[in-house]
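Structure record follows, encoded as structure tokens.
All chains are named by letter (A, B, ...) in the order of the sequence lines, taking the proteins before the strands, and each is independently numbered beginning at 1. Since this is a predicted model, take the numbers as computed values, not measurements.
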Amino acid sequence: MAEVLVLVDHVDGNVKKVTYELLALAKRIGEPSAVFIGSGADAAIPGLAEHGAATVYVADAADLSAHPVAPKAELLAKLVAEKSPAAVLVPSSAEGKEVAARLAIKTNSGIITDAVDVAADGTATQSVFGGATVVKSRVAVGTPIITVRPNAAAPEVSPAAGARVEVSVELSDTAKSARITERVEQAKGGRPDLAEAAVVVSGGRGVGGEEGFGVIEALADALDGAVGASRAATDAGWYPHQFQVGQTGKTVAPQLYIANGISGAIQHRAGMQTSKTVIVVNKDPEAPIFELADFGVVGDLFAVVPQLTEEVGKRKG
Amino acid sequence: MREVDNTTMKIVVCVKQVPDSWAEKSLQPADNTLDRGSVDAVMNEIDEYAIEEALRLQEAHGGEVVVVSMGPDQAKDTVRKALAMGADSGVHILDDGLHGSDAAATSLALAAAIKGRDADLVILGCESTDARMSVVPAMVAERLGLPQLTFCNSVTVDGSTITTNRVTEYGYDVVEASLPAVVSVVEKINEPRYPSFKGIMAAKKKPVETLDLAGLGIAAGDVGLAAAWSVVEEAAARPPKAKGTIVTDEGAGGVAIADFLSAQKFI
């Protein structure tokens, strides 16, 4: 059976959920082979094997991580040339898309980005124009390279061998021409990553200020979710920019999206329109976002949201 | 390694004309390519930040700023806007054979236009608001064989060294390289200037070169819809969402939502 390469998204061996989602998709197409670049393979391999990886290619040379993007693309290009996989699946992160992009040029292959589903025959589903149009596309030339959004599939427990194979590549000078000289971590807090979270609770102009976001955070925490914010709220400085959901911010597709004090302009809708279940709380009954609501309450979010948070706490026990 | 001095720093900025982000976008039924004709077209918003960054570097280090854009005839307006902001000259890549090009072909055309111009720096916006792929800057770097410093929220040039902050999920990486290099910028990098009236008038006289495939030395069979390495097989409007339940809060709105969440098995 043809291999399907899956680039593992991890931090020092801590594998992100999206990787398991990609392994589940890879299994539809062929035999999943995880590609682990960086340190921490020992910690990662059991989980990768449990979620379907028959093989885990491990490349832990330091210079693969000392330079952005290009080294990973060169390693993957080598594996593509050697293994002739049926497809390469890469998480749709900023880095993932760039690795996939360079790999596509190196291997003269078509690339499809931000797939929300991938079928057994490699047909990808994309949700474009802020979710307004659904597209089916396929790669016509070379090895299909597909970047996949979080929440495109459910991780599946599907124990496989997870056989470790050490791989390496002689990096070109070009791949080493940009150097990462420092990594700076900025305070992130303990909530789930916004792009991957199953539940997102967002606040908009109706929150009224920085302090008001405490109410949003409390609901997010009660539901073990991530916090999002509209552009109006982040532009006003009420919440950090990296939590902005929308056309110029992050695109999310969680199981549950709760929009509080957000009117639902096209800029914002483009970032959350394909969420599975949408709940809306807004004072204005004419707010466009109610068109997306599976359930909505017209009311003051400062009355409704704390009450909801308390009810969730009671029912979750 | 070339030393950058005040008289020779050359910055190329790639810009794209896209449908207005407030407009409803659609694919043309005939060939599933983006309908660029029936909506207002504007410069891709992030490209304004790319031009601004180029102009700031020019103010600090001297040299010239050349704007390059691939697009149908109407894209010349976007080139003029870049000139009005302060770019010195423009290159409009225009050829019907480019219609329907995928990202790989776009990067091929841009790279061909940039090669031979001795650019010290190529700056792009990190993403366009129509395709939203975020791949062209990396592909251009790949094709030109230049260091890639992308998703920058800060750029500094000192002699022939460029230092950038690359936005990441955990914060940022400091990335450094020797010029020439390819850079892409994020929105947070600066505040773009508005073209002044003087700038708009001056733009009318600035030179704009038009290049077709022959001028780029690219074979027609390598670009355009038929040459695309991926194809759109079908496209359909998302089915409208079934209308949900909307209630007015009369003191138990939060409880009502909790009931809904229970029924949907979220809690």
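With contacts defined as side-chain heavy-atom distances shorter than 4.5 Å, the pair B/R132/A/T251 qualifies. Using a 4.5 Å cut-off on side-chain heavy atoms (C-beta onward), B/S107 and A/I105 make contact. In this structure, the side chains of B/W229 and A/I111 stay at 4.5 Å or more apart for every pair of heavy atoms. Inter-residue side-chain proximity for B/Q264 and A/Q255 is flagged as unmet; no heavy-atom pair is nearer than 4.5 Å. Two residues are said to be in side-chain contact when any heavy atoms from C-beta on lie closer than 4.5 Å; A/I266 and B/E24 meet this criterion. Residues B/R166 and A/V69 have side chains in contact (heavy-atom distance under 4.5 Å, counting atoms from C-beta outward).
Annotation: maximal heavy-atom pairing with chain A below 4.5 Å, among B/T150, B/T129, B/N165, occurs at B/T150. Of the listed residues (A/Q307, A/Q273, A/K106, A/E185), the one with the most heavy-atom contacts under 4.5 Å to chain B is A/Q307. The choice from B/G251, B/P19, B/C126 that makes the most heavy-atom pairs within less than 4.5 Å of chain A is B/G251. Heavy-atom pairs under 4.5 Å with chain B peak, among A/H241, A/R179, A/E95, A/Q247, at A/R179. Considering only heavy-atom pairs separated by less than 4.5 Å from chain B, the leading option among A/S109, A/A270, A/G142, A/A293 is A/S109. Taking chain B as the reference chain and counting heavy-atom pairs below 4.5 Å, the highest number among A/V305, A/V199, A/L292 is found for A/L292. The candidate from B/V232, B/T248, B/V255 with the greatest count of non-hydrogen atom pairs under 4.5 Å with chain A is B/V255. Taking chain A as the reference chain and counting heavy-atom pairs below 4.5 Å, the highest number among B/A103, B/G254, B/A252, B/G244 is found for B/G254. Of the listed residues A/E311, A/E310, A/K136, A/Q267, the one with more heavy-atom pairs under 4.5 angstrom with chain B than any other is A/K136. Across A/G299, A/G296, A/A101, the residue that shares the most heavy-atom pairs under 4.5 angstrom with chain B is A/G296.
Annotation for B/A177 and A/S177: closest pair CB-O, 3.4 Å, computed over non-hydrogen atoms. B/R238 and A/S127 make their closest contact through NH2-OG, 3.2 Å (heavy atoms, listed as atom of the first residue, atom of the second, distance). Among all heavy-atom pairs drawn from A/A104 and B/M139, the shortest one is CB-CE, 4.5 Å. Minimum heavy-atom separation, B/V231 to A/A140: CG1-CB, 4.3 Å.
For a residue to count as touching a neighbouring chain, one of its non-hydrogen atoms must lie under 4.5 Å from one of that chain's; by this rule A/N108 touches chain B with backbone and side chain alike. The parts of A/V139 that come within reach of chain B are both its backbone and its side chain, each placing non-hydrogen atoms under 4.5 angstrom from that chain. Heavy atoms of B/D102 lying under 4.5 Å from chain A are absent altogether. Looking at B/K25, both its backbone and its side chain come within 4.5 Å of chain A, counting heavy atoms on both sides. In this structure, the portions of B/E176 lying under 4.5 Å from any heavy atom of chain A include both its backbone and its side chain. Proximity to chain A (any heavy atom under 4.5 Å) is shown, for B/T164, by neither the backbone nor the side chain. Residue contact with chain B, scored on non-hydrogen atoms closer than 4.5 Å, involves the side chain of A/T123 exclusively. For chain B, the nearby part of A/V281 is the side chain; its heavy atoms alone come within less than 4.5 Å. Both the backbone and the side chain of B/D259 have a heavy atom closer than 4.5 Å to some heavy atom of chain A. Only the side chain of A/I112 comes within contact range of chain B, judged by heavy atoms closer than 4.5 Å. Heavy-atom distances place no part of A/Q126 under 4.5 Å from chain B, backbone and side chain included. Neither the backbone nor the side chain of B/A131 has a heavy atom closer than 4.5 Å to any heavy atom of chain A. Both the backbone and the side chain of A/V184 come within less than 4.5 Å of a heavy atom of chain B. Proximity to chain A is limited to the side chain of B/E45, based on heavy atoms less than 4.5 angstrom apart.
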Show your working on side-chain contact (heavy atoms from CB on, under 4.5 Å) between B/L27 and A/V135 and close with a plain yes or no.
CA-CA 10 Å; B/L27 297 179; A/V135 165; 3.9 Å; yes

Checking A/E98 against B/F151 for the side-chain contact (heavy atoms from CB on, under 4.5 Å) test, could you report, in this order, the C-alpha distance in whole Å, the side-chain angles of both residues, the deciding distance, and whether it holds?
CA-CA 10 Å; A/E98 292 199 312; B/F151 295 106; 3.4 Å; yes

Is there a side-chain contact (heavy atoms from CB on, under 4.5 Å) between A/D294 and B/F260? Walk through the geometry before answering.
CA-CA 9 Å; A/D294 292 288; B/F260 178 81; 4.0 Å; yes

Determine whether B/L34 and A/F129 satisfy the following criterion, side-chain contact (heavy atoms from CB on, under 4.5 Å), listing intermediate values before the conclusion.
CA-CA 10 Å; B/L34 176 63; A/F129 306 150; 3.5 Å; yes

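One finds the CG atom of A/L223 at 6.5 Å from the CG atom of B/L261 (value rounded to the nearest 0.5 Å). Interatomic distance, B/S134 OG to A/D114 CG, rounded to the nearest 0.5 Å: 7.5 Å. A/L308 contributes atom CG, which lies 7.0 Å from atom CD1 of B/I267 (distance to the nearest 0.5 angstrom). Rounding to the nearest 0.5 Å gives a distance of 7.5 Å between CD1 of A/I279 and CZ of B/F266. Taking CD of B/Q148 as the reference point, atom CZ of A/R102 lies at 5.0 Å (rounded to 0.5 Å). One distance of note links CD1 of B/I46 with OG1 of A/T248; it measures 7.5 Å at 0.5 Å rounding.
Counted within 6.0 Å of CG on B/D31, heavy atoms from surrounding residues, nucleotides or ligands total more than 12; the atom is thus considered enclosed. With a 6.0 Å radius and a threshold of 12 heavy atoms from other residues, nucleotides or ligands, A/D121 has its CG atom above the threshold.
Salt bridge absent: A/K283 and B/D249 never bring a charged side-chain N and a carboxylate O closer than 4.0 Å.
A distance-only check finds no donor-acceptor pair linking the side chain of A/K97 to the backbone of B/V135 [under 3.5 Å]. A donor-acceptor pair under 3.5 Å is absent between the side-chain atoms of A/Q242 and the main chain of B/Y170, judged by distance alone. In this structure, the side chain of A/Q186 does not engage the main chain of B/Y172 through any donor-acceptor pair within 3.5 Å.
Side chain to side chain, B/E169 and A/S93 fail the donor-acceptor criterion of an N or O pair below 3.5 Å.
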